[in-house]
Protein chains: 2
Amino acid sequence: MTTIIDVAKKAGVSKSTVSRVVSKNGYVSDATRQKIEQAMDDLGYIPNMLARNLQSGLTKTIAFISHDFNQYTSIFLNAFTKTALKHDFYVNLYVTGGDKEKELDALNLMKYKQVDAVFIFTRSNSWDDIKPYRKYGPISTWHRIDSPDIYSSYVNQYDSYLMSLEFLANRGYRTIGHILGFDNNKNTLARINALDYFYEQHPELEKKEEWIFLNSKHRQTGRNIARKWHKAPNKPDCLVFYTDFIAAECISELQLLGYSIPENVGIMGFDNNAISEIIHLTTVDCHLETQAFNCFNYLYSELKKTEFTPIEITQDLVIRSSTK
Amino acid sequence: MTTIIDVAKKAGVSKSTVSRVVSKNGYVSDATRQKIEQAMDDLGYIPNMLARNLQSGLTKTIAFISHDFNQYTSIFLNAFTKTALKHDFYVNLYVTGGDKEKELDALNLMKYKQVDAVFIFTRSNSWDDIKPYRKYGPISTWHRIDSPDIYSSYVNQYDSYLMSLEFLANRGYRTIGHILGFDNNKNTLARINALDYFYEQHPELEKKEEWIFLNSKHRQTGRNIARKWHKAPNKPDCLVFYTDFIAAECISELQLLGYSIPENVGIMGFDNNAISEIIHLTTVDCHLETQAFNCFNYLYSELKKTEFTPIEITQDLVIRSSTK
DNA sequence: TTGTACGCGTTATCAA
DNA sequence: TTGATAACGCGTACAA
């Protein structure tokens with residue numbers, strides 16, 4: 001490996017002069033610059049990032065923490081990495097598999113100077129356990145959390161859920177099944193509030209407690225709901241899911257059971273994932289790309305000490321043929 | 001930031017002794033070890049990875065290069081990151097957007113000592129342009145390439161394509177449309193050979209040149225094929241795609257046009273992606289997880305100078321309801 | 001405009 | 001078993 005010193009010797013100058021050329025800092029006369037560039041070419045010199053990082057204490061790398069990296073993660077990940085690339089930042093992946101310890105290890109990487117900042121896609125630890133890591137570097141997430149320590153690009157799911165339910169009521173659906181996420185999650189709580197308000201406003205609609213599902217996991221939930229619906233004597237005429245992937249699973253299973261969508265039951269999702277267009281799913285587009293953009297830019301502005309103004313996120317109904 | 005020197009002072013020893021404790025190299029008496037561990041705890045000492053990396057010249061990081069990170073990438077990425085985690089390696093993402101320069105930049109990271117090895121998911125440069133980078137570190141890919149410089153976990157698509165076509169012929173399909181990938185790709189060439197052989201063996205089946213599509217891009221191709229099929233006077237009774245996502249798009253568009261699968265046309269894919277089960281797609285499972293496993297383990301064994309024995313990859317027909 | 005000297009935090013070598 | 005000292009490769013005051 002050729003170092004800055006080799007170049008210096010070859011060009012007959014000191015290594016600091018070479019450093020100035022390489023890092024484009026400080027003054028170097030054209031003549032010596034020429035000599036040095038020549039020497040660098042001759043020797044095939046490549047600056048060593050490791051040494052640079054040690055010197056600067058920075059890595060230009062951001063950790064992306066997630067339970068895993070499936071098709072559900074990919075929209076967000078894709079937008080995040082593209083934004084990072086524009087700013088010359090690297091993205092490092094940390095799979096936790098839902099393990100609390102692994103998640104903290106990843107957070108610790110900021111202390112270890114392995115990364116400059118952290119984005120949290122999915123978490124296992126409580127926000128209170130995560131917050132203290134703010135002192136080692138900025139943290140952002142797309143989950144809903146109100147804290148000065150952690151930036152959140154959340155969308156108001158109270159509004160969007162109410163919008164979804166009003167839409168379904170308008171379309172003539174009378175009994176709605178609700179598949180909700182984890183109740184340690186502010187988004188879920190917002191949805192529950194929206195749901196309560198909705199039924200207050202619509203006394204003509206029946207609120208069936210047995211068709212309100214909390215804490216739904218990702219895998220297989222959709223298929224389970226479908227089978228439950230299949231067997232139920234009193235079936236709701238519509239099912240609303242908190243995320244498109246579960247809705248997709250449910251539709252898939254319903255089709256296997258011989259049902260048609262929306263003839264037999266209406267299905268509505270939330271996210272507008274890549275899969276949603278394929279399966280004609282009515283959903284709400286919450287602009288994950290923009291959220292990812294905001295999440296990266298917050299981290300970037302914190303690191304660069306610049307002003308951060310997020311792009312406002314709208315929520316748009318995407319009407320397809322999974323609802324009548 | 002507390003350094004090894006702070007710990008040394010606090011514990012009243014030299015920094016080399018502390019280093020021995022931290023790195024678990026060399027002998028330290030129990031008494032002093034106790035003192036040092038106490039001091040580390042008191043000060044909340046965290047070793048600095050950057051300094052370690054500089055010293056060792058290694059980063060324990062592998063670059064994952066891809067045009068982008070969509071749902072199509074995610075199966076592979078997920079398996080790759082999980083395998084890496086097991087070996088305590090980090091995965092760094094490099095989006096190229098199909099840009100040749102950006103791709104070479106990413107390859108260059110090995111020179112810069114930013115990463116130890118590289119995995120190529122999608123590429124823009126020719127293999128001949130990529131090979132020279134081998135001298136900076138090991139390279140692997142899942143694409144088909146026969147070279148001592150680059151490890152490839154490819155599956156033999158000649159075999160799997162022939163298997164698919166025989167299956168379709170057995171099911172009674174008479175005219176088959178073929179949607180193939182790029183012809184700068186050995187997989188595609190293998191498929192073309194399989195296709196030729198297949199029609200030689202089945203003179204009773206008509207080979208329609210106008211229903212053989214080469215160089216099909218990812219986005220929108222499936223929908224275009226569907227519309228072409230819709231308008232065509234003589235429609236093939238079956239369409240075979242080189243990847244599930246395009247098949248999924250095609251099914252989606254056919255449904256919008258009012259057709260049913262497999263009543264109006266049979267559809268067959270390749271990959272067995274996450275989406276495939278959802279849409280009941282008959283396909284070939286080429287075990288991407290195992291391929292990712294092999295690709296990582298090759299890189300790992302090259303870095304560690306250990307023996308590498310890949311897990312053999314089988315190709316299994318997954319029969320669902322998109323074919324009769 | 002250039003060179004000297006030191007610091008970044010760690011590990012490795014050698015002597016004690 | 002421990003400590004002093006020299007690497008690792010680069011950046012940067014400060015002086016010249």
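Note on naming: letters A, B, ... go to the chains in the order of the sequence lines (proteins, then strands), and numbering restarts at 1 for each one.
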task = With sequence neighbours excluded, give me every side-chain hydrogen bond (donor to acceptor under 3.5 Å, both in side chains) pair touching residues 56-68 of chain A.
result = A:T59-A:D116, A:S66-A:T122, A:H67-A:S124, A:D68-A:N70
inquiry  = Once rounded to the nearest 0.5 Å, what's the spacing between atom CZ of B:F308 and atom OH of B:Y298?
reply    = 8.5 Å
key: Separation of B:N297 CG from B:T83 OG1 (nearest 0.5 Å)   = 6.5 Å
query = Quick one: are A:I75 and A:N273 in side-chain contact, heavy atoms under 4.5 Å?
reply =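 Counting from C-beta outward, A:I75 and A:N273 do come under 4.5 Å.
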inquiry  = If the condition is salt bridge (charged side-chain N to carboxylate O under 4.0 Å, His left out), which residues does B:D146 pass it with, not counting sequence neighbours?
reply    = B:K186
task = Check every nucleotide of DNA chain D for an atom under 4.0 Å from a heavy-atom of chain A, then give the first and the last such nucleotide from 5' to 3'.
result =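 Answer, 5' to 3': D:dG9 to D:dA13.
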message = Using ring centroids (six-membered ring only for Trp), state whether A:Y90 and B:Y90 fall under 6.0 Å.
response =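 That pair fails the under 6.0 Å test.
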message = Within the 4.0 Å limit for protein heavy atoms, which parts of nucleotides 6-13 of chain C are touched? Write it as a string from 5' to 3', B for base, S for sugar-phosphate only, - for none.
response = BBBBBBBB
inquiry  = Check this for me: does any side-chain nitrogen of one of B:K9 and B:D6 sit under 4.0 Å from a carboxylate oxygen of the other?
reply    =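 Salt bridge between B:K9 and B:D6, a charged N being under 4.0 Å from a carboxylate O: no.
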query = Quick one: do B:D128 and B:K131 make a salt bridge, cutoff under 4.0 Å?
reply = yes
List the atom pairs, with distances to 0.1 Å, where a side-chain N or O of residues 33-46 of chain A and a protein N or O form a donor-acceptor pair under 3.5 Å, not counting sequence neighbours.
none

ask   = So how far off straight is the helix from C:dT1-D:dA16 to C:dA16-D:dT1, going by the axes through five pairs at either end, to 10°?
value = 40°
key: Under 4.0 angstrom between A:T17 side-chain N/O and C:dT2 OP1 or OP2   = no
task = Verify, without hydrogens or angle tests, whether A:E103 (side chain) and A:N125 (backbone) share a donor-acceptor contact under 3.5 angstrom.
result = yes
